[in-house]
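Ligands are counted one by one from 1 in listed order, and the atoms in each one are counted from 1 as well. Each residue takes its place number in the sequence, starting with 1.
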Amino acid sequence: MPSIFTKIINKEIPCYNIVENDRFIAFLDINPNAKGHTLCVPKQEIDKIFDMPEKLYLDLMQFSREVAIALEKTVPCKRIGMSVVGLEVAHVHVHLIPLNEMKEMTFLNKVTQSDSEFKALAKAIAAHLT
Ligand code: AMP
């Protein structure tokens with residue numbers, strides 16, 4: 001069965017898309033730890049990050065870095081935190097989280113945002129990508 005992220009990639013379910021190319025997509029996490037919490041996902045469905053072919057892994061890191069730089073320009077924060085978990089969705093994804101406090105890395109700290117806030121944020125991050 002395809003992962004929920006494969007369904008997003010195939011446009012079967014919606015997301016707050018920031019950017020995508022032929023191999024990767026970045027969109028806002030629907031249940032964010034902090035405003036701007038973003039997921040960077042390879043379009044190839046692989047469960048665990050360290051099972052990825054090395055080049056795809058390195059290219060995911062490069063893609064994530066570009067998105068993180070745009071995110072940091074968009075959302076006021078001390079820095080962008082990065083983590084990989086995968087306990088909920090078995091499809092590789094890099095969490096990029098604008099951080100002001102350590103608790104924002106815990107995945108217990110959640111913020112709510114309206115549909116229009118998510119849309120505006122995704123658009124603003126995308127505008128900072130070159
Ligand atoms: P984990 O697999 O533990 O790294 O967490 C999966 C993450 O995916 C969580 O932060 C969820 O909020 C997020 N997530 C799950 N479904 C969606 C979705 N449809 N759109 C955006 N983010 C999602």
Side-chain angles (χ1 to χ4, degrees):
M1 201 175 101
S3 76
I4 192 157
F5 293 164
T6 292
K7 289 180 182 169
I8 287 174
I9 289 159
N10 292 338
K11 316 287 183 213
E12 291 164 25
I13 60 172
C15 73
Y16 297 104
N17 189 321
I18 296 167
V19 64
E20 68 181 300
N21 59 32
D22 58 332
R23 288 185 304 151
F24 305 106
I25 183 170
F27 52 86
L28 291 174
D29 193 298
I30 202 71
N31 190 20
N33 291 17
K35 184 181 167 184
H37 184 164
T38 296
L39 303 177
C40 297
V41 184
K43 291 190 170 178
Q44 185 179 344
E45 188 175 326
I46 297 170
D47 179 357
K48 298 176 184 173
I49 193 163
F50 298 123
D51 288 342
M52 293 176 83
E54 186 176 356
K55 179 163 177 12
L56 189 62
Y57 167 80
L58 293 173
D59 290 349
L60 173 62
M61 289 300 121
Q62 183 177 24
F63 178 80
S64 301
R65 178 176 180 271
E66 287 165 9
V67 175
I69 289 167
L71 185 55
E72 192 163 15
K73 286 178 185 162
T74 311
V75 179
C77 62
K78 290 182 179 166
R79 61 183 58 228
I80 303 297
M82 182 174 89
S83 87
V84 176
V85 185
L87 289 172
E88 183 186 325
V89 179
H91 182 152
V92 171
H93 51 284
V94 173
H95 294 263
L96 299 176
I97 306 167
L99 298 177
N100 288 295
E101 298 177 73
M102 184 61 90
K103 68 177 185 182
E104 289 157 339
M105 284 303 283
T106 65
F107 293 86
L108 299 172
N109 189 80
K110 294 293 175 182
V111 297
T112 51
Q113 286 186 268
S114 68
D115 178 62
S116 58
E117 286 171 325
F118 273 117
K119 281 181 181 152
L121 193 50
K123 199 172 167 186
I125 300 164
H128 280 112
L129 283 160
T130 49

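Between Leu121 and Gln113, the closest side-chain pair of non-hydrogen atoms falls below 4.5 Å. Annotation: side chain of Lys11 is in contact with side chain of Asn17 (closest heavy-atom distance under 4.5 Å).
Below 4.0 Å from some heavy atom of Val85 lie the following atoms of ligand 1, by number and element: 3 (O), 4 (O). Close approach to Leu28 involves these atoms of ligand 1, each under 4.0 Å from a residue heavy atom: 21 (C). The atoms of ligand 1 that sit less than 4.0 Å from any heavy atom of His93 are 1 (P), 2 (O), 4 (O), 5 (O), 6 (C). For ligand 1, the atoms lying closer than 4.0 Å to a non-hydrogen atom of His95 are 1 (P), 4 (O), 5 (O), 7 (C), 10 (O).
Considering only non-hydrogen atoms, atom 15 (C) of ligand 1 lies nearest to Glu88 out of Glu88, His37, Lys7. For atom 21 (C) of ligand 1, the choice among Val94, Ile30, Asn33 with the nearest heavy atom turns out to be Ile30.
Contacts of Val84 with ligand 1, taken as heavy-atom pairs under 4.0 Å, are absent altogether.
In the model, His128 has a side-chain atom that pairs as donor or acceptor with a side-chain atom of Thr74 under 3.5 Å.
Among all protein heavy atoms, the one lying closest to atom 9 (C) of ligand 1 is Asp29 OD2, 3.4 Å.
Judged by the shortest distance from any of its heavy atoms, Cys15 lies outside the 4.0 Å radius around the atoms of ligand 1. Not a single heavy atom of Tyr16 lies less than 4.0 angstrom from ligand 1.
Using a 4.5 Å cut-off between side-chain heavy atoms of Ile, Leu, Val, Met, Phe, Trp and Tyr, Phe107 falls into a hydrophobic cluster with Val85, Leu87, Ile97, Leu99, Met105.
Residues meeting the side chain to side chain donor-acceptor pair (under 3.5 Å) test with Lys119, sequence neighbours left out: Asp115.
In this structure, Met82 places its CE atom where only 12 or fewer heavy-atom neighbours from other residues, nucleotides or ligands lie under 6.0 Å away.
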Next on the checklist: Pair Glu20, Lys43 - check salt bridge (charged side-chain N to carboxylate O under 4.0 Å, His left out), show working.
Outcome noted: CA-CA 9 Å; Glu20 68 181 300; Lys43 291 190 170 178; 2.7 Å; yes
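Remark: ligand 1 and Ile8 share no N or O pair separated by less than 3.5 Å (distance only, no angle test). Residue-to-ligand polar distances keep Ile13 apart from ligand 1: every N/O pair is separated by 3.5 Å or more.
For an aromatic pair to be called close, the ring centres must be under 6.0 Å apart, and His93 with His91 fails this.
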